[in-house]
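All values below come from the heavy atoms of this structure, side chains included, with hydrogens, waters and symmetry mates left out. Proteins get letters first, then strands, A, B, ... in listed order; numbering begins at 1 in each.
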Number of protein chains: 2
Amino acid sequence: MQLSQSEENYIKAIYALSEETGKEISTNDLAEKMATKASSVTDMLKKLTDKDLLKYKKYQGCTLTKNGREIALAIVRKHRLWEVFLVEKLQFGWDEVHAIAEQLEHIQSNQLTNKLEAFLGFPKVDPHGDPIPNINGEFDPSPKRVLLSKCEKGNKGIVMGVEDGEPSFLQYLNKIGFKLGLNIKVEDRLSFDGSLIIEMDGKTLQFSHLVASKIAIQLID
Amino acid sequence: MQLSQSEENYIKAIYALSEETGKEISTNDLAEKMATKASSVTDMLKKLTDKDLLKYKKYQGCTLTKNGREIALAIVRKHRLWEVFLVEKLQFGWDEVHAIAEQLEHIQSNQLTNKLEAFLGFPKVDPHGDPIPNINGEFDPSPKRVLLSKCEKGNKGIVMGVEDGEPSFLQYLNKIGFKLGLNIKVEDRLSFDGSLIIEMDGKTLQFSHLVASKIAIQLID
DNA sequence: TTTAAAATTTAGATATGTCTAAAAAATAAT
DNA sequence: ATTATTTTTTAGACATATCTAAATTTTAAA
């Protein structure tokens with residue numbers, strides 16, 4: 001089935017919200033994610049329901065069907081593979097690739113996606129540490145990740161992922177030398193605003209709760 | 001200015017027809033090229049005229065403005081660079097890349113185009129021998145090409161280009177071992193249907209006028 | 001449990017890109 | 001120079017994806 005770019009973006013957004021919440025996605029939440037109005041969302045939910053890509057009952061929110069989930073994973077796969085290409089082959093920074101990958105993820109050709117994957121050496125994660133589903137939509141098993149914002153004083157770990165999408169956030173990480181794979185330690189946690197004092201690469205940094213919630217680590221020791 | 005995919009496709013089609021004929025492009029010719037109706041074309045011509053991408057007088061056909069030509073060349077540049085990428089890096093055949101490049105040519109990012117060009121080593125021609133404009137829309141000077149269909153008995157030359165777009169034509173060329181760079185000689189020309197007897201790589205082949213009109217050579221001797 | 005607030009849907013409007021059918025203009029033929 | 005034919009344009013319609021404003025349903029509050 002041939003989907004429009006707009007339909008694909010809805011499917012992707014519903015998938016992303018489902019991953020976060022595990023629950024049914026409300027019209028309003030989806031409208032906010034898509035930067036559009038609830039009434040537009042309702043129309044699209046009906047259309048995608050007719051195409052058997054999601055289950056939707058009036059006033060009850062929606063969830064993806066198996067078909068819908070497969071399509072979402074195919075888009076995520078393309079997005080992340082293209083990000084790897086842009087960073088590894090074209091020397092883009094990790095803060096520059098999201099908007100371009102948002103366009104490239106809609107290119108239709110399974111052969112292209114699979115050849116690109118092979119050309120890149122079957123990468124398992126994108127430049128932000130997000131896992132790349134294989135041709136069957138499956139993720140490799142990987143160590144458990146924890147949001148830095150959930151960590152306690154004394155916790156140590158390795159940086160596994162950072163949130164993709166906001167260039168200014170990633171540029172800030174560049175500025176302080178923050179990269180995937182670094183060892184970090186939570187020196188302290190300020191209870192009143194949830195901000196964290198971090199030791200990394202010999203430097204001491206302070207992260208707001210918001211920043212810490214955009215960083216995932218693998219706990220060690 | 002941000003153009004829709006449809007607008008870009010019209011600009012590209014007008015550019016291609018202008019290259020062929022050198023004259024103003026008629027509504028009907030454009031409708032045929034775009035596989036649409038004359039009435040749809042008229043609407044689009046008005047819109048593109050308002051955007052100063054072409055000059056158009058009712059019943060008089062249209063030509064691109066400087067702006068329009070620049071956009072056309074940028075699209076052609078992207079199309080051909082992506083074709084090189086698909087063939088050189090992803091191991092696609094020259095018969096498989098046109099449809100994918102038709103999608104990729106609409107990706108918006110000058111930085112992407114320029115980095116891709118560098119990654120590919122600043123190629124001057126695409127896999128079908130079509131020249132690639134540089135960042136300023138300029139073509140490198142190149143030897144004069146002649147359509148094989150215009151050649152006479154006894155002419156010799158090197159294959160410089162083949163028409164892009166129809167997979168079955170390119171697959172036919174694959175089957176007979178026809179490649180860019182080969183030396184060929186016109187052994188004979190059948191006057192009643194314009195078909196040619198060709199010597200190439202020790203083999204003798206017969207090309208219909210239609211096939212010969214899709215092949216460009218550089219004459220030698 | 002009735003009312004108030006929030007969330008969601010419906011109805012009607014707009015813009016894009018397309019179509020068909022009919023009208024108008026340009027070109028060719030007699 | 002009329003007439004006939006072809007080309008092109010206009011007018012009106014449709015589908016998609018969006019919006020605003022109003023109506024409806026659900027949820028929360030009194």
Side-chain angles (χ1 to χ4, degrees), chain A residues 1-15 17-18 20-21 23-64 68 71-72 75 102-103 105-106 108, chain B residues 1-15 17-18 20-21 23-64 68 71-72 75 102-103 105-106 108:
Chain A
M1 191 185 356
Q2 171 80 302
L3 297 184
S4 74
Q5 208 151 306
S6 183
E7 289 171 320
E8 290 196 346
N9 285 335
Y10 272 93
I11 295 286
K12 188 173 61 136
I14 295 165
Y15 174 79
L17 290 173
S18 296
E20 280 176 35
T21 68
K23 295 198 296 258
E24 319 223 290
I25 306 309
S26 79
T27 303
N28 262 6
D29 287 355
L30 190 47
E32 183 174 13
K33 182 97 173 176
M34 296 292 296
T36 184
K37 297 301 159 72
S39 57
S40 307
V41 170
T42 301
D43 287 348
M44 185 59 88
L45 293 184
K46 287 178 186 167
K47 196 184 345 170
L48 294 176
T49 300
D50 288 345
K51 297 190 177 185
D52 190 35
L53 300 177
L54 45 86
K55 276 200 311 233
Y56 159 68
K57 291 277 196 188
K58 282 208 285 191
Y59 298 100
Q60 309 289 129
C62 69
T63 55
L64 291 176
I71 288 171
I75 299 169
E102 293 256 278
Q103 298 179 67
E105 73 192 4
H106 299 291
Q108 310 263 201
Chain B
M1 190 186 356
Q2 172 79 303
L3 297 184
S4 74
Q5 207 151 307
S6 184
E7 289 171 320
E8 290 196 345
N9 285 335
Y10 273 94
I11 295 286
K12 189 174 59 139
I14 294 165
Y15 174 79
L17 290 173
S18 296
E20 279 176 36
T21 68
K23 295 198 295 258
E24 319 224 292
I25 306 309
S26 78
T27 302
N28 263 6
D29 287 355
L30 190 47
E32 182 175 13
K33 181 98 173 175
M34 296 292 297
T36 185
K37 297 301 158 72
S39 57
S40 307
V41 170
T42 301
D43 288 346
M44 185 58 89
L45 293 183
K46 287 177 185 167
K47 197 186 343 173
L48 294 175
T49 300
D50 288 345
K51 297 190 177 185
D52 189 37
L53 300 177
L54 45 86
K55 276 200 313 230
Y56 157 70
K57 292 276 196 189
K58 282 206 286 189
Y59 299 100
Q60 308 289 130
C62 68
T63 55
L64 291 176
I71 289 172
I75 299 169
E102 293 256 278
Q103 298 179 65
E105 74 191 3
H106 298 293
Q108 309 264 199

Provide, to the nearest angstrom, the distance between the [atom1] atom belonging to [X] and the [atom2] atom belonging to [N].
X	N	atom1	atom2	result
A:Asp43	C:dT10	CG	C1'	9 Å
A:Met44	D:dA15	CE	C1'	13 Å
B:Asn9	C:dT16	CG	P	17 Å
B:Asp50	C:dA15	CG	P	14 Å
B:Gln2	C:dT16	CD	P	13 Å
A:Gln5	D:dT18	CD	P	11 Å
B:Leu45	D:dT9	CG	P	7 Å
B:Lys57	D:dT8	NZ	P	17 Å

Next item on the list: Give the nucleotide from the list D:dT10, C:dT10, C:dT9 with an atom nearest to the side chain of A:Lys46.
Entry: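 Among D:dT10, C:dT10, C:dT9, the one nearest the side chain of A:Lys46 is C:dT10.
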Closest heavy-atom contact between [X] and [Y]?
X	Y	answer
B:Leu45	B:Cys62	CD2-SG, 3.8 Å
B:Ala38	B:Ala31	N-CB, 3.8 Å
B:Ala13	B:Leu30	CB-CD1, 3.8 Å

Note to self: With a 6.0 Å cut-off (strictly less than), is the heavy-atom count around CD of B:Gln108, excluding the residue itself, greater than 12?
What the structure shows: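 For B:Gln108, atom CD is crowded (more than 12 foreign heavy atoms under 6.0 Å).
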Checklist line | Nearest-0.5 Å distance, OG1 of residue B:Thr36 to OH of residue B:Tyr10 | finding: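 Answer rounded to 0.5 Å: 4.5 Å.
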Check: Which salt bridge (Lys or Arg N to Asp or Glu O under 4.0 Å) pairs, counting each pair once, include a residue from residues 4-13 of chain B, with sequence neighbours left out?
Finding: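 Listed once each, the pairs are B:Glu7-B:Lys47, B:Glu7-B:Lys51, B:Lys12-B:Glu102, B:Lys12-B:Glu105.
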Check: With sequence neighbours excluded, what pairs up with A:Asp52 under the side chain to side chain donor-acceptor pair (under 3.5 Å) test?
Finding: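 Applying side chain to side chain donor-acceptor pair (under 3.5 Å) to A:Asp52 gives A:Asn67.
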Output yes when at least one side-chain N/O atom of [X] is less than 4.0 Å from OP1 or OP2 of [N], else no.
X	N	result
B:Thr36	C:dC19	yes
B:Asn28	D:dT6	no
B:Tyr56	D:dT8	no

Identify the pairs formed between an N or O of the protein and an N or O of nucleotides 20-27 of chain D at a distance under 3.5 Å, and give each distance.
unit_1 : atom_1 : unit_2  : atom_2 : d
D:dT20 : OP2    : A:Lys37 : NZ     : 2.7
D:dT20 : O4     : A:Ser39 : OG     : 2.9
D:dT24 : O2     : A:Tyr59 : OH     : 3.4
D:dT25 : O4'    : A:Tyr59 : OH     : 3.2

